[in-house]
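Working notes, beginning with the structure itself.
These numbers were taken from a predicted model, which means no experiment stands behind them.
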Amino acid sequence: KLQFLYFIVLLINMVQRVAFQRRHKFKTGGNGSKFVICHIPGGKLHCQRIKKKVKGPHTPRFLGHKRLAGTHALREGGRHGSYRAPKRHKTVSRAYGGVLTGGQVRERVIRAFLIEEQKIVKKVLRRK
């Protein structure tokens, strides 16, 4: 029985309430944080900020919303923001480089070529 009481006392001492260090107290997607035992006097729990995960550039929603290969996932603004990063991190060196994937560009080129070929065939058939 004493051992059980000792265990309960330990649990009560271990659980501490830690307030969020930022503006709002709710654990939303943009207000994430993790609790870390920091090296402060008493080894108290301290709330550390977690930044939101960066998804990186994607194709438009109506084209499948696929991740663009070859581009870096960068946060807007700040020290490591997209406006400070070099151009080679934000685009790929081809037509529609930072907007469409390679497969989508290939599909567009083939479609345009086939449409032009179809127009030529129609002209030839009209002449005959």
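Side-chain atoms of Thr91 and Thr71, non-hydrogen and from C-beta on, never get closer than 4.5 Å to each other. Two residues are said to be in side-chain contact when any heavy atoms from C-beta on lie closer than 4.5 Å; Leu63 and Leu100 meet this criterion.
The CZ atom of Arg67 lies 6.0 Å from the NE2 atom of His58; values are rounded to the nearest 0.5 Å. In this structure, the separation between NZ on Lys123 and CG on Leu125 is 13.0 Å, given to the nearest 0.5 Å.
Within the 3.5 Å criterion, the main-chain N or O of Thr101 finds no donor-acceptor partner in the side chain of Arg106. In this structure, the side chain of Lys90 does not engage the main chain of Gly98 through any donor-acceptor pair within 3.5 Å. Of the possible polar contacts, none joining the Arg88 side chain to the Val92 backbone as a donor-acceptor pair under 3.5 Å is found.
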- Message: Could you go through Val121 and Val124, starting from their C-alpha distance and side-chain angles, then the distance that decides it, and tell me whether this counts as side chain to side chain contact (heavy atoms under 4.5 Å, CB included)?
- Response: CA-CA 5 Å; Val121 168; Val124 169; 5.7 Å; no

- For Gln104 and Thr59, what are the C-alpha separation, side-chain angles and deciding distance, and is it a side chain to side chain contact (heavy atoms under 4.5 Å, CB included)? CA-CA 10 Å; Gln104 290 169 338; Thr59 59; 3.3 Å; yes

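Tracing side-chain contacts under 4.5 Å through hydrophobic residues (I, L, V, M, F, W, Y), one reaches Val105 starting from Phe62; they form part of the same cluster.
Residue pairs meeting the ring pair (Phe, Tyr, Trp, His ring centres under 6.0 Å) criterion with at least one member in residues 82-128, sequence neighbours excluded, are His72-His89.
Residues Leu74 and Ala85 share a closest heavy-atom pair of CD1-CB, 3.6 Å.
Among residues two or more places apart in sequence or in another chain, the salt bridge (Lys or Arg N to Asp or Glu O under 4.0 Å) test is passed with Glu116 by Lys119.
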